[in-house]
Amino acid sequence: MKYRDEYRAPDAARGYADAIARITTRPWTLMEVCGGQTHAIVRFGIDQLLPEAISLIHGPGCPVCVTPIAYIDKALEIAALPRVILCTFGDMLRVPGTQSDLSAARARGADVRVVYSPLEALTVARQNPRHEVVFFAVGFETTAPANAMAVYQAQREGLGNFSVLVSQVLVPPAIRALLERPGNRVQGFLAAGHVCTITGYEEYEPIARKHGVPIVVTGFEPLDILEGVYRCVRQLEQGESCVENQYSRAVRRPGNAMAQQVMQAVFQVVPRQWRGMGDIPDSGLGLSPAYRSYDAETRFGAVNGEAEMRGDCLSGAVLRGEIRPDQCPAFGSRCTPERPLGVTMVSEEGACAAYYRYRRPTGGSARE
């Protein structure tokens, strides 16, 4: 398949692995930021191709996983109201709130509908003028333009029964927060290519300079990731710390100007709670004053509460890259996709789901 098979060629992958081994003189720890990259790494055994000195750890790159539990509870509260239709992406249905999840709420009679785009939620609002239609807007910069466009269109049409529950987060502040955590061991990053198709990568350059870490914008196929690792290790071995763009077939340095314009018109940067990482300044998007009337928190009350549930689930440590999924005592026994304890096992992009799907039994297969 064009644009896929050439990025999965086994000989080329082994060539990159050999090249990485030749330039590696000491241990290095790298973090991939995106859950899609994590799945590719585990699915194709990329980490096991690398020399022992190179450790890949998984970051907070799953938007479903980092959505605070307080937002899940708020979505459940709104969905339980009469004459309300809550629209969401399918992967949010089984994310646990404090007491329940949206799938269970739907089984109890709440009108919770799965949509494939925020514009589809607008259609639901047009078709149901006597109902309040709320779209649960979750995601990184990748989904923000489409969510912003839905709000923009709702205002343009004067749709008074549409609003959004916004839990949009931004990647660069999370990278800064990880680097500034006590005990940080990340020495280089593979940045998420799809996020950078929207934002470009200029914002990553001061992070690389300030913290002395290489950041390589990387795609999602095995050769993308191996080339990203190679470029990252090459910089580390040469004592360099700059931003490189491995994903040049999709990413440009300034990003997508039109997408940025609609984001900036509809949203403003706000502080945000992240599940697993706590409060991070300037790490989220909220509706700007001109669009505040479309904010579900304005109509139904503000989101309050903790970012995450307390208990024996270690998904927070997984999201911070402190442990691998198979180092959690509950992994694969008390915590499975059928009976998940935490979001990293629920979400399709979650690191625990990737390990469960592609690396079982895990006890001895994942390298320390």
Row check, Phe331 ring normal vs Arg324 NZ/CZ: under 6.0 Å, within 45°: no
Is it true that atom CD of Glu322 has more than 12 heavy atoms of other residues, nucleotides or ligands lying nearer than 6.0 Å? yes
Residues Glu205 and Arg253 bridged, charged N to O under 4.0 Å: yes
Tell me whether the count of non-hydrogen atoms from other residues, nucleotides or ligands lying under 6.0 Å of CZ in Phe300 goes above 12. yes
Got Gln37 and Thr218 here, is their nearest side-chain heavy-atom distance under 4.5 Å? yes
Can you tell if the side chain of Thr38 reaches within under 4.5 Å of the side chain of Ile41, non-hydrogen atoms only? no
The complete set of ring-ring contact (aromatic ring centres under 6.0 Å, His included) pairs with one or both residues in residues 46-75, sequence neighbours excluded, reads His58-Tyr355
Any donor-acceptor pair under 3.5 Å from Gln273 side chain to Gly278 backbone: no
Test side chain to side chain contact (heavy atoms under 4.5 Å, CB included) applied to Val33 and Val171, step by step: CA-CA 8 Å; Val33 176; Val171 171; 3.8 Å; yes
Mind running side chain to side chain contact (heavy atoms under 4.5 Å, CB included) on Glu237 and Trp28 for me, showing each step along the way? CA-CA 9 Å; Glu237 290 284 345; Trp28 299 110; 2.8 Å; yes
State whether the side chain of Arg252 and the backbone N or O of Ser248 hold a donor-acceptor pair below 3.5 Å, judged by distance alone. yes
With the 4.5 Å side-chain cut-off for hydrophobic clustering, are Tyr204 and Ile198 part of the same group? no
Can any side-chain N or O of Arg185 pair as donor or acceptor with the backbone N or O of Gly321 at less than 3.5 Å? yes
Where the side chain of His194 meets the backbone of Gly219, is there a donor-acceptor pair that is under 3.5 Å apart? no
Output field: ring centroids Tyr152/Tyr294 closer than 6.0 Å: no
With hydrophobic residues grouped by side-chain heavy-atom distances under 4.5 Å, do Val124 and Val84 end up in a single group? no
Checking side chain to side chain contact (heavy atoms under 4.5 Å, CB included) for the pair Leu179/Arg181: CA distance, chi angles, key distance, verdict? CA-CA 6 Å; Leu179 289 168; Arg181 286 184 71 85; over 6 Å; no
Judged by atom type as modelled, is there a donor-acceptor pair below 3.5 Å linking the side chain of Ser288 to the main-chain atoms of Ala265? yes
Between Glu120 (side chain) and Cys87 (backbone), is there a donor-acceptor pair under 3.5 Å? no
Heavy-atom side-chain contact between Arg272 and Val166 under 4.5 Å: yes
Rounded distance [0.5 Å steps], CD1 in Ile85 versus CG in Asn128: 3.5 Å
Looking just at side-chain N and O atoms, do Ser100 and Arg108 make a donor-acceptor pair shorter than 3.5 Å? yes
Which pair of non-hydrogen atoms, one from Pro329 and one from Leu314, has the smallest distance, and what is that distance? CD-CD1, 3.6 Å
Is the backbone of Gly97 close enough, under 3.5 Å, to the side chain of Asp101 for a donor and an acceptor to pair up by distance? no
Flag yes if Val151 and Phe89 sit in one hydrophobic cluster, no otherwise; membership is Ile, Leu, Val, Met, Phe, Trp, Tyr, and two members link when side-chain heavy atoms are under 4.5 Å apart. yes
Without swapping roles, check the side chain of Ser241 against the backbone of Arg209 for a donor-acceptor pair under 3.5 Å. no
Closer than 3.5 angstrom, by distance alone: can the side chain of Asn245 be matched with the main-chain N or O of Val251 as a donor-acceptor pair? yes
Should Lys74 and Glu297 count as an ion pair when the cut-off is N to O under 4.0 Å? no
Answer yes or no: is there a side-chain heavy-atom contact under 4.5 Å between Leu287 and Val266? yes
Measure the shortest side-chain to side-chain distance between Val138 and Gln168 over non-hydrogen atoms and say whether it is less than 4.5 angstrom. no
When you check the gap from the basic side-chain N to the acidic O, do Glu227 and Arg231 get nearer than 4.0 Å? yes
Would you check if Pro96 and Ile72 make a side-chain contact, meaning some heavy-atom pair closer than 4.5 Å? no
Return the minimal non-hydrogen interatomic distance between Ala53 and Thr24, and the atom names on each side. CB-CG2, 3.8 Å
Hey, mind stepping through Gln235 and Cys242 against side chain to side chain contact (heavy atoms under 4.5 Å, CB included) and telling me if it holds? CA-CA 8 Å; Gln235 284 197 49; Cys242 63; 3.4 Å; yes
Cut-off 3.5 Å, side chains only: do Gln264 and Gln260 have a donor facing an acceptor? no
I need the minimum non-hydrogen distance between Gly228 and Gln246, along with the two atoms involved. N-CG, 4.2 Å
Determine whether Val269 and Val262 fall in the same hydrophobic cluster, where Ile, Leu, Val, Met, Phe, Trp and Tyr are linked whenever their side-chain heavy atoms lie under 4.5 Å apart. yes
Give the C-alpha distance, both sets of side-chain angles, the deciding distance and a yes or no for salt bridge (Lys or Arg N to Asp or Glu O under 4.0 Å) between Arg94 and Glu348. CA-CA 11 Å; Arg94 295 183 62 234; Glu348 286 289 322; over 6 Å; no
Identify, with sequence neighbours excluded, every residue that meets side-chain hydrogen bond (donor to acceptor under 3.5 Å, both in side chains) alongside Asp295. none
Donor-acceptor pair, side chain of Asn161 and main chain of His131, under 3.5 angstrom: yes
Residues in side-chain hydrogen bond (donor to acceptor under 3.5 Å, both in side chains) with Thr336, at least two apart? Glu338
Should the pair Arg249-Asp224 be classified as a salt bridge under the 4.0 Å nitrogen-to-oxygen rule? yes
Return the minimal non-hydrogen interatomic distance between Val133 and Ala125, and the atom names on each side. CG2-CA, 3.6 Å
Let me confirm one number: the CH2-CG distance from Trp274 to Asp279, rounded to the nearest 0.5 Å. 12.5 Å
Where does the angle between the aromatic ring planes of Phe220 and Tyr247 fall among parallel (under 30°), tilted (30 to 60°) and perpendicular (over 60°)? perpendicular
Grab the two heavy atoms, one from Ala40 and one from Ile46, that are nearest each other, plus how far apart they are. O-CD1, 3.8 Å
State, yes or no, whether a side-chain contact exists between Ile54 and Pro51 at a heavy-atom distance under 4.5 Å. yes
Does this structure show an ion pair linking Arg14 with Asp11, if we count only N-O contacts that are shorter than 4.0 Å? yes
For the student: nearest non-hydrogen atoms of Val64 and Ser347, plus distance: CB-OG, 3.8 Å
Test item: Met277 and Pro68 side chains (from C-beta on) under 4.5 Å apart, heavy atoms: no
Could you tell me whether Arg26 atom CZ has more than 12 heavy atoms of other residues or ligands within 6.0 Å of it? yes
Can we say Glu132 and Arg83 salt-bridge, meaning some charged N sits less than 4.0 Å from an Asp/Glu carboxylate O? no
